[in-house]
Each structure stands twice: as C-alpha cells, then as structure tokens.
2 protein chains.
Amino acid sequence: MGTLLDGLAVDTASDRAVFRQIADQLRAAIQDGSVSEGNRLPSEAQLMEHYGVARMTVRNALQLLEMEGLTRAEHGRGVYVRRRPPVRRLASDRFARRHRKEGKAAFIAESEQLGAQPDVDMIQVSEMPAPPEIAERLNCAGPVIVRSRRYSLNGTPVETATSYLPADVAKGTPIADPNPGPGGIYARLEELGHTLERFTEEVSARMPTEAEARVLAMMPGVPVFRLIRTAYDVEGRAVEVCDTIMSADAYVLNYELPAH
Amino acid sequence: MGTLLDGLAVDTASDRAVFRQIADQLRAAIQDGSVSEGNRLPSEAQLMEHYGVARMTVRNALQLLEMEGLTRAEHGRGVYVRRRPPVRRLASDRFARRHRKEGKAAFIAESEQLGAQPDVDMIQVSEMPAPPEIAERLNCAGPVIVRSRRYSLNGTPVETATSYLPADVAKGTPIADPNPGPGGIYARLEELGHTLERFTEEVSARMPTEAEARVLAMMPGVPVFRLIRTAYDVEGRAVEVCDTIMSADAYVLNYELPAH
DNA sequence: CAGTGGTCTAGACCACTGC
DNA sequence: CAGTGGTCTAGACCACTGT
C-alpha cells in the first residue's frame with residue numbers, strides 16, 4: 001500500500017474547493033519530503049480512486065502544483081516532483097577584464113569554476129537594421145550585427161543571449177564569425193580599440209513567452225529574467241547591447257551599489 | 001455584431017490543440033489592440049457558441065491567457081484585459097548619499113519624481129533572534145531589530161520590505177521607532193557613526209507565495225523579484241539587511257558594472 | 001500491450017455581479 | 001433577476017511510454 005495518501009481525505013464541508021484541498025495535501029507531502037525530488041506522484045486514476053472524485057478535479061489539483069513549479073507532468077509516464085536545478089550566482093564583477101585573461105568567455109569560465117559542464121549552441125550570426133529598442137540604447141540607427149546563442153549547464157538550457165553591435169564596429173571582424181575566438185566578443189572589441197569602460201544592466205522579470213519556454217525547456221510556473229546589458233567603451237560610446245533571457249530558477253544576480 | 005471574433009475559427013486538422021488555437025487568437029487580438037486594456041473579452045458562453053466547442057475547452061484557453069498575465073477573470077463580471085501598472089525604474093545610484101539630502105527616504109523621493117502618489121503602510125517594528133539567512137549576511141548571531149513595511153504607488157501595493165539591523169546598532173535609536181525620521185534609516189545609521197560605504201544586492205525571481213500574492217494584490221501570472229540588500233559601513237561591517245519582495249511587473253532594476 | 005497524461009464533450013449546481 | 005465565472009461529474013478518444 002502506498003503510504004503517501006493514507007489518511008488523507010477532503011473535507012466536503014469546507015469552503016475550500018476540493019481540488020485545492022487535494023493540491024494542499026500533495027503540496028504538503030512534497031514539502032515535508034514524503035515524496036522526494038524526482039519521484040512520481042500517484043497517477044490521476046489512483047487519485048480519483050482514493051479521493052472519490054472525477055478526473056477533472058484531480059487534474060485541476062495537479063495543474064495547481066505544476067503552475068507553482070513543484071511538479072512536472074510527463075506524457076505517458078506520470079507526474080514527477082521537480083528537481084531543482086543548480087543555481088548560478090552571477091557576480092557583479094563578472095565582466096571585469098581580469099576574468100578574461102585566461103582567454104575564456106564569461107559563461108565558460110564561470111561554469112567550470114562551478115563544476116558544471118557548460119555548453120553553447122544555436123549560434124546564429126546575421127546583419128539587420130537595428131530594432132528600435134536596440135537602436136535607442138546603441139544611439140545608432142544603422143545596421144547591426146546580431147549574434148544569438150543558447151547556453152546550457154549540464155545539458156539543461158538556462159539562458160539565451162542576443163548581442164547587437166553596430167555594423168560599422170563589428171562587420172568584417174571575428175565578431176561577425178560564429179566563433180569569435182578566445183575571450184569572446186568583449187576581448188575582440190578591446191582589440192579593435194574599443195576599450196570597455198562600464199556596463200549597464202536593466203533587469204526585469206516576467207513569465208516566459210511560449211517560444212522562450214520551448215527553447216529554454218522551462219517548467220510551468222517558472223519566470224524568466226530579461227537582462228538588457230549595454231557595454232560602453234572609454235569614449236562613452238555604446239558598442240554592444242546584449243538581450244538575455246534567463247530561466248529565473250537557475251540564477252541569482254549579484255550587484256554592488258556605491259553609497260556615495 | 002462584435003467584430004473581435006469575426007472570421008476567427010479553429011483548424012480542426014491542425015496538430016495544435018483547439019484550446020491553444022483559441023488562446024492564440026485571443027492573445028493576438030489583445031496584442032494588436034483589437035481588445036484594449038481594461039476591456040472585456042467575450043464571455044465563456046459567447047466563445048463556446050462562436051467556436052462550437054465545450055465550455056472546458058474555452059476555459060482551458062482562457063486559463064492560458066490568465067497564466068500568461070494577459071487577462072484577469074472577475075467572478076460574476078467577466079474576463080478582462082489586464083491594465084499594465086506604471087513601471088518604476090530603479091536607478092543604480094538610488095541609495096547615493098546625495099539623494100538623501102532633501103531628508104526624504106528613497107521610495108518617497110523617487111515616487112514624487114515619477115509623479116505618482118507614494119504610500120507606506122503595515123509598518124511593524126520588533127526585535128527577534130536573527131533568522132539564519134540574515135545572521136549569515138550580517139555576520140552576527142545576536143538579536144536584530146526588524147522593520148517591515150509595505151509600499152504602494154497610486155494606491156496599488158508594489159513592494160514589501162523587511163529590514164534587519166543588529167540590535168546593538170539600532171536598539172534604543174530612532175531606527176527602532178515606527179517613524180525613523182527624515183532621510184529614513186540610512187540617514188539615522190550615518191548619524192550613529194555608521195557611514196555607509198557600499199551595498200550589495202542579490203536579485204532572484206519566482207512566483208509569489210499565496211501570502212505575498214495577497215499582500216501585494218498580485219494578478220495571476222506575475223512573478224515577484226526578491227531582492228536582498230546588505231548595507232556595509234566604511235569599516236566593512238554589515239549594518240543592515242533588507243529583504244524586499246517586489247511585484248515584477250512594476251519594476252525594472254538598473255545597475256552599473258565596472259569593466260575593470 | 002497496459003498504463004499514463006492530453007484533450008474534449010455535455011451536462012450540472014454554485015457564488016458573485018449588476019440591473 | 002439574468003449573466004457571469006468557479007467547481008464538479010462522468011464519460012470519451014487520443015498520444016506517448018515502457019514492457
């Protein structure tokens with residue numbers, strides 16, 4: 001006999017909807033460890049049987065948990081308690097020049113330090129007119145080189161990034177190649193004379209679009225960070241805008257603020 | 001005749017589920033402005049009639065939109081396109097000393113600059129042992145003074161904040177009063193000799209807990225930022241940790257990163 | 001193949017809203 | 001009161017998974 005559901009029943013006299021009560025009990029079982037990460041919950045049929053309710057009621061309960069990010073349903077297999085991914089803490093000095101010395105791009109270097117296997121795929125490079133949001137930040141209406149790619153950690157996609165650089169800066173340079181070489185595009189920018197002075201980051205959070213959820217293999221109930229980074233060179237010119245979508249359960253962003 | 005649904009139909013030959021197709025069409029209508037903010041979508045009954053589907057199918061479609069934060073359902077009234085709240089952009093120098101000169105706390109000063117009516121309520125001050133997360137950041141195991149409050153903009157709650165200060169710093173000072181006086185607690189800390197040197201912020205995002213959703217009157221499908229700020233004085237001591245929960249649709253966080 | 005979740009139908013009763 | 005969304009039942013067929 002499964003011990004998980006033993007003694008659990010709904011209170012039909014309660015104001016709380018039956019499917020919410022069922023969700024409450026399953027949530028409690030997950031949070032107190034009665035069902036551990038990666039394990040299967042009872043099937044819909046078993047829950048219907050146990051609680052004596054219709055399938056829709058059980059499905060509504062399970063959907064609540066899925067929306068909360070506690071479970072994932074796998075078609076034909078069952079409903080499983082989600083494993084929490086490892087969290088990357090992004091340091092506020094992650095683009096400091098000293099971290100580029102070893103010739104590695106920021107993502108690769110950080111991941112190896114974390115002991116996780118980094119991966120980059122879906123690399124695409126093209127040229128197009130600057131979208132308004134980008135043109136505004138680059139302060140440049142001309143065409144831009146667009147570099148997009150997806151980053152994964154231990155095989156799990158965690159982030160997509162799209163860089164926009166003015167074509168008059170990047171065209172015909174290694175930056176416009178799929179592989180920009182050691183140290184990434186920031187190293188190339190500095191070689192081209194655009195010594196980097198500072199970055200600004202604009203951070204927002206929202207639920208992913210359907211396309212984002214697909215590309216990042218996101219679980220329901222997990223928001224994304226949208227991080228728009230603008231890189232300025234020592235002359236004060238914006239030389240790159242990077243539009244990043246990150247699975248929010250995989251990141252903590254760290255920043256330093258001055259008090260003066 | 002309503003023009004919204006004219007010509008819209010589902011493709012039963014498509015692989016895409018009917019409720020997703022209906023959601024797609026409603027989403028498109030919202031995004032291209034065919035139904036504007038605050039307006040009502042067709043009722044479930046109208047959608048059933050128009051598309052010739054069962055109520056559950058319509059409800060699944062509407063639930064998708066609600067999860068995406070595009071709509072809100074009001075019991076007995078209808079389903080409405082959500083109004084987007086005004087967005088506050090938090091500058092990276094928002095805690096700079098020069099912004100305290102006018103004797104206003106950060107939130108009040110920023111809001112007035114934005115032309116919005118700020119409000120602070122649910123102010124509570126108490127003393128307790130430091131929770132582990134806080135003790136770690138304060139590097140101090142002793143008791144802490146806890147100040148919690150809720151901030152609203154034009155009557156809409158947008159943020160709750162809980163500050164923790166070591167009792168040996170704050171006890172018996174105006175910081176432990178509900179009203180800490182002009183310039184807020186950072187001004188008081190500096191008067192007490194803790195000249196502030198820098199702040200760190202740790203930013204994460206997730207869906208709100210039920211309690212957070214209630215206090216912040218959050219719409220479904222909107223995540224929260226959790227921002228943990230630690231304030232350090234010139235001697236390097238952590239003198240305050242502020243744990244903030246912000247409705248993510250009301251904020252964009254701006255930061256500056258050095259390149260060196 | 002049996003068991004799983006994904007989608008859909010066709011009803012029902014209820015609670016809330018506004019007239 | 002009529003109209004709205006909230007909850008629930010009792011079925012059905014399908015697609016996917018593992019044996």
Side-chain angles (χ1 to χ4, degrees), chain A residues 2 4-5 9-26 35 38-67 70-82 210 213-214 217 219-221, chain B residues 2 4-5 9-24 26 35 38-67 70-82 210 219-221:
Chain A
L4 169 59
L5 296 177
V10 292
D11 171 10
T12 48
S14 163
D15 276 352
R16 194 158 176 80
V18 173
F19 78 90
R20 293 187 198 280
Q21 293 186 48
I22 295 177
D24 291 343
Q25 297 180 3
L26 294 174
V35 222
N39 283 13
R40 226 194 76 189
L41 290 188
S43 73
E44 294 178 355
Q46 288 170 327
L47 290 168
M48 287 167 64
E49 164 74 17
H50 176 87
Y51 285 107
V53 297
R55 188 167 169 218
M56 213 54 222
T57 308
V58 165
R59 283 182 62 77
N60 279 335
L62 291 174
Q63 190 176 27
L64 271 188
L65 300 180
E66 182 148 354
M67 276 182 53
L70 290 173
T71 61
R72 66 170 184 284
E74 297 187 16
H75 197 168
R77 304 218 319 129
V79 175
Y80 293 81
V81 180
R82 284 191 47 203
E210 204 166 321
R214 199 172 44 248
M219 294 300 147
Chain B
L4 169 59
L5 296 177
V10 292
D11 172 10
T12 49
S14 163
D15 275 352
R16 193 160 177 78
V18 173
F19 79 89
R20 291 186 199 281
Q21 293 185 47
I22 295 176
D24 291 343
L26 294 175
V35 220
N39 283 12
R40 228 195 73 187
L41 290 187
S43 73
E44 294 178 355
Q46 289 170 327
L47 291 168
M48 287 167 64
E49 163 74 18
H50 176 87
Y51 286 108
V53 297
R55 186 164 169 220
M56 214 55 224
T57 308
V58 164
R59 282 182 63 79
N60 280 335
L62 291 175
Q63 191 175 27
L64 272 187
L65 300 180
E66 182 148 353
M67 277 182 51
L70 290 172
T71 61
R72 67 171 184 282
E74 297 187 16
H75 196 168
R77 304 218 317 129
V79 175
Y80 293 80
V81 180
R82 284 191 45 208
E210 207 168 315
M219 294 299 148

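Below, read A as the first sequence line, B as the second, and so on, with proteins coming before strands; counting in each chain starts at 1.
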What is the distance from [atom1] of [X] to [atom2] of [N], rounded to the nearest Å?
X	N	atom1	atom2	answer
A:Asn60	C:dG5	CG	P	15 Å
A:Glu49	C:dT4	CD	P	12 Å
B:Met48	D:dT4	CE	C1'	13 Å
B:Tyr51	C:dC8	OH	C1'	17 Å
A:Gln63	D:dC8	CD	C1'	15 Å
B:Leu65	D:dG5	CG	P	13 Å
A:Arg59	C:dG6	CZ	P	5 Å
B:Tyr80	D:dG5	OH	P	9 Å

- Electrostatic pair B:Arg16:B:Asp11 at N-O distance under 4.0 angstrom: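 No, B:Arg16 and B:Asp11 are not salt-bridged.
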- Query: Is it true that A:Glu66 and A:Arg72 make a salt bridge, defined as a side-chain N closer than 4.0 Å to a carboxylate O?
  - Reply: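 Salt bridge absent between A:Glu66 and A:Arg72.
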When you measure from the side chain of [X], which nucleotide among [options] comes out closest?
X	options	result
B:Ala17	C:dG6, D:dG6, C:dT7	C:dT7
A:Ser43	C:dT4, D:dG6, D:dT7	C:dT4
B:Phe19	C:dC8, D:dG5, D:dC8	C:dC8

- Message: For the CG atom of A:Leu65 and the CG atom of A:Asn60, what is their distance to the nearest 0.5 Å?
- Response: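 Between A:Leu65 CG and A:Asn60 CG, I get 11.0 Å after rounding to 0.5 Å.
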- Message: Does a side-chain N or O of B:Arg20 approach OP1 or OP2 of C:dG6 to a distance below 4.0 Å, or not?
- Response: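 So the side-chain polar atoms of B:Arg20 never come under 4.0 Å of the phosphate oxygens OP1 or OP2 of C:dG6.
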- Query: Counting only side-chain N and O atoms of A:Thr57, is one of them less than 4.0 Å from OP1 or OP2 of D:dT9?
  - Reply: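 True: A:Thr57 side-chain N/O within range (under 4.0 Å) of D:dT9 OP1/OP2.
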- Please tell me which of A:Val18 and B:Leu41 maps to the more 5' nucleotide of DNA chain D, matching each residue to the nucleotide holding its nearest heavy atom.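 On the 5' side of the pair lies B:Leu41.
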- With the sugar-phosphate defined as primed atoms, P, OP1 and OP2, and the base as all remaining atoms, what B/S/- string results for nucleotides 10-19 of chain C, 5' to 3', for protein heavy atoms under 4.0 Å? --B--BBSS-
- Task: Of all the heavy-atom pairs spanning B:Ala61 and B:Phe19, show the shortest one and how long it is.
- Result: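 Distance-wise, the nearest heavy atoms are CB-O, 3.2 Å.
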- Task: Identify whether any heavy atom of A:Arg16 sits under 4.0 Å from a base atom; if not, whether one sits that close to sugar-phosphate; answer base, sugar-phosphate or nothing.
- Result: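 If one applies the 4.0 Å heavy-atom cut-off, A:Arg16 turns out to touch nothing in the nucleic acid.
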- Partner of A:Tyr51 under side chain to side chain contact (heavy atoms under 4.5 Å, CB included), chosen from A:Thr57, A:Ile22, A:Val58, A:Val18: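 Answer to the side chain to side chain contact (heavy atoms under 4.5 Å, CB included) test with A:Tyr51 among A:Thr57, A:Ile22, A:Val58, A:Val18: A:Ile22.
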- Would you indicate whether A:Glu49, at its atom CD, is surrounded by more than 12 heavy atoms from other residues, nucleotides or ligands within a distance under 6.0 Å?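 Counting neighbours around CD of A:Glu49, 12 or fewer heavy atoms of other residues, nucleotides or ligands fall under 6.0 Å, so no.
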- Message: Strictly by Watson-Crick or wobble contacts shorter than 3.5 Å, is anything paired with D:dC14, and which nucleotide is it?
- Response: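 Matched D:dC14 with C:dG5 under the 3.5 Å cut-off.
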- Are A:Gln63 and B:Gln63 close enough, and set up right, to give a side-chain contact (heavy atoms from CB on, under 4.5 Å), and what steps lead you there? CA-CA 11 Å; A:Gln63 190 176 27; B:Gln63 191 175 27; 3.3 Å; yes
